[in-house]
Amino acid sequence: MENVIFWFSGSGNSLLAAKKIADAIGDCRLIRITEKTVGEKISVEADRLGLVFPVHAWGPPDMVERFILSLKTVNARYAFSLAVNAGSVENTQGIVNKLMKAKGREMNAFFDLRTPGNLGMRRRFDAESAAAELRKAETKLFDIIADIKARDTYPMPPVTVARRILKSGFAHAMVRKMARGFDKNFSVTDSCNRCGECVRLCPSGNIEITGLGKVIWKHCCNACMACISRCPRKAIRFRNADPENCYRNPLVKNSDYE
Ligand SMILES: Cc1cc2nc3c(=O)[nH]c(=O)nc-3n(C[C@H](O)[C@H](O)[C@H](O)COP(=O)(O)O)c2cc1C
Ligand code: SF4
Ligand code: SF4
């Protein structure tokens with residue numbers, strides 16, 4: 001039976017991790033989680049099954065939660081979840097496991113990987129510290145891959161009751177509800193050449209270029225940041241931040257988002 005990894009990624013950190021795991025374990029199909037895959041109601045048959053995704057507001061992104069709920073059946077010899085984050089995971093893995101349990105297949109291993117943050121628009125982007133953080137992440141990923149290869153179990157990280165309820169409970173649910181309108185923060189600058197990459201990369205089908213050549217967002221956003229961070233012209237602005245300060249994983253190409 002082949003290995004299967006489902007991935008969700010905006011600025012490329014989770015995509016890079018998923019690709020590296022897939023290369024290392026071999027015979028692995030990488031499947032991007034998008035609105036389309038959610039709609040397909042997939043039946044999973046896998047030797048190793050992986051979920052690789054960024055932490056969004058102390059939990060999994062809304063689309064990842066809906067994807068797990070959409071699965072028809074899950075049959076896997078070994079299942080792992082990798083929460084890619086910027087330092088605050090809280091009960092993300094508890095949420096994932098609860099959803100998987102409802103599908104009859106709890107996870108065997110829960111990993112987390114600290115990477116550069118892609119949400120805050122820094123006053124000045126510090127490429128050197130992002131590169132140092134990515135090097136650290138690469139070393140940790142090496143250990144994670146060894147565990148996945150050996151099908152080792154790995155426990156969920158401990159989290160206090162208060163943090164589970166306040167951050168991964170109330171706050172996460174509230175931010176999830178607001179994610180659709182997250183795109184109201186975006187605007188397009190004159191650098192846009194209407195290449196259509198943002199339309200192609202959006203997992204929600206949330207972006208359109210009108211007949212008049214204007215890029216518009218349709219308010220069914222998943223707050224993934226793919227459009228803003230992968231725009232080849234850096235033509236998308238978050239509020240009034242300088243688009244040059246937006247993070248993107250430098251080791252991932254737009255063509256990797258298949
Ligand atoms: C809307 C949003 C919410 C986020 N919330 C958290 C969070 O609660 N905790 C955290 O550690 N990182 C958070 N992050 C940062 C991402 O998890 C982190 O930068 C990750 O590496 C992004 O992965 P990607 O490049 O695959 O999208 C958030 C990012 C976004 C866009
Ligand atoms: S990816 Fe950037 S340059 Fe291309 S259409 Fe979208 S906003 Fe314009
Ligand atoms: S509009 Fe941008 S941030 Fe929102 S889901 Fe699409 S690519 Fe992600």
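Indexing begins at 1, ligand by ligand and atom by atom, following the structure's order.
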A.B. asks: Within ligand 2, which atoms have a heavy atom of Gly196 less than 4.0 Å away?
C.D. replies: 4 (Fe), 5 (S)
A.B. asks: Quick test of your reading of the model: are Asp112 and Lys140 salt-bridged, counting only N-O distances below 4.0 Å?
C.D. replies: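 Here Asp112 pairs with Lys140 in a salt bridge, since their nearest N and O are under 4.0 Å apart.
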A.B. asks: Distance to 0.1 Å, residue and atom name: give those for the protein heavy atom nearest to atom 8 (O) of ligand 1.
C.D. replies: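 Checking every protein heavy atom, the shortest distance to atom 8 (O) of ligand 1 gives Trp58 N, 2.8 Å.
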A.B. asks: Hey, which of Arg151, Arg29, Lys149 is the one that makes salt bridge (charged side-chain N to carboxylate O under 4.0 Å, His left out) with Asp47?
C.D. replies: Arg151
A.B. asks: Side chain, backbone, both or neither: which applies to Asn13 and ligand 1 if a contact is any heavy-atom pair less than 4.0 Å apart?
C.D. replies: both
A.B. asks: What about Phe8: any of its N or O atoms under 3.5 Å from an N or O on ligand 1?
C.D. replies: no
A.B. asks: Mind checking whether atom 6 (Fe) of ligand 2 has an N, O or S of Cys198 under 2.8 Å?
C.D. replies: yes
A.B. asks: Below 4.0 Å from any atom of ligand 1, is there a heavy atom belonging to Val55?
C.D. replies: yes
A.B. asks: Can you tell me if an N/O/S atom from Cys192 lies under 2.8 Å from atom 4 (Fe) of ligand 2?
C.D. replies: no
A.B. asks: Check this for me: does any side-chain nitrogen of one of Arg114 and Glu133 sit under 4.0 Å from a carboxylate oxygen of the other?
C.D. replies: yes
A.B. asks: Considering non-hydrogen atoms of the protein only, which is the closest contact for atom 9 (N) of ligand 1, and what is the distance?
C.D. replies: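 Sorting protein heavy atoms by distance from atom 9 (N) of ligand 1 puts Ser88 O, 2.9 Å first.
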A.B. asks: Side chain, backbone, both or neither: which part of Pro232 has a heavy atom under 4.0 Å from ligand 2?
C.D. replies: side chain
A.B. asks: Which atoms of ligand 2 are found less than 4.0 Å from any heavy atom of Arg194?
C.D. replies: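 The list of qualifying atoms is 5 (S), 8 (Fe).
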A.B. asks: Anything protein N/O/S under 2.8 Å from atom 8 (Fe) of ligand 3? Just list residue and atom, please.
C.D. replies: Cys224 SG
A.B. asks: Show which atoms of ligand 1 fall inside a sub-4.0 Å distance from at least one heavy-atom site of Asn118.
C.D. replies: 15 (C), 16 (C), 18 (C), 19 (O), 22 (C), 27 (O), 29 (C), 30 (C), 31 (C)
A.B. asks: Is it the side chain, the backbone, both or neither of Met225 that has a heavy atom closer than 4.0 Å to ligand 1?
C.D. replies: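 It is the side chain that gets close, since no backbone atom is under 4.0 Å.
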A.B. asks: So which of Ala171, Ala18, Pro61, Ser9 gets nearest to atom 24 (P) of ligand 1, if we judge by its closest heavy atom?
C.D. replies: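 Ranked by closest heavy atom to atom 24 (P) of ligand 1, first place is Ser9.
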A.B. asks: Is Ile236 touching ligand 2 with its side chain, its backbone, both, or neither, if touching means heavy atoms under 4.0 Å apart?
C.D. replies: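 The part of Ile236 near ligand 2 is the side chain, not the backbone.
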A.B. asks: Considering only heavy atoms of Cys195, which atoms of ligand 2 have at least one such atom less than 4.0 Å away?
C.D. replies: 1 (S), 3 (S), 4 (Fe), 5 (S)
A.B. asks: Going by distance only, is there an N or O of Pro116 that falls short of 3.5 Å from an N or O of ligand 1?
C.D. replies: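 N/O-N/O distance below 3.5 Å exists for this pair.
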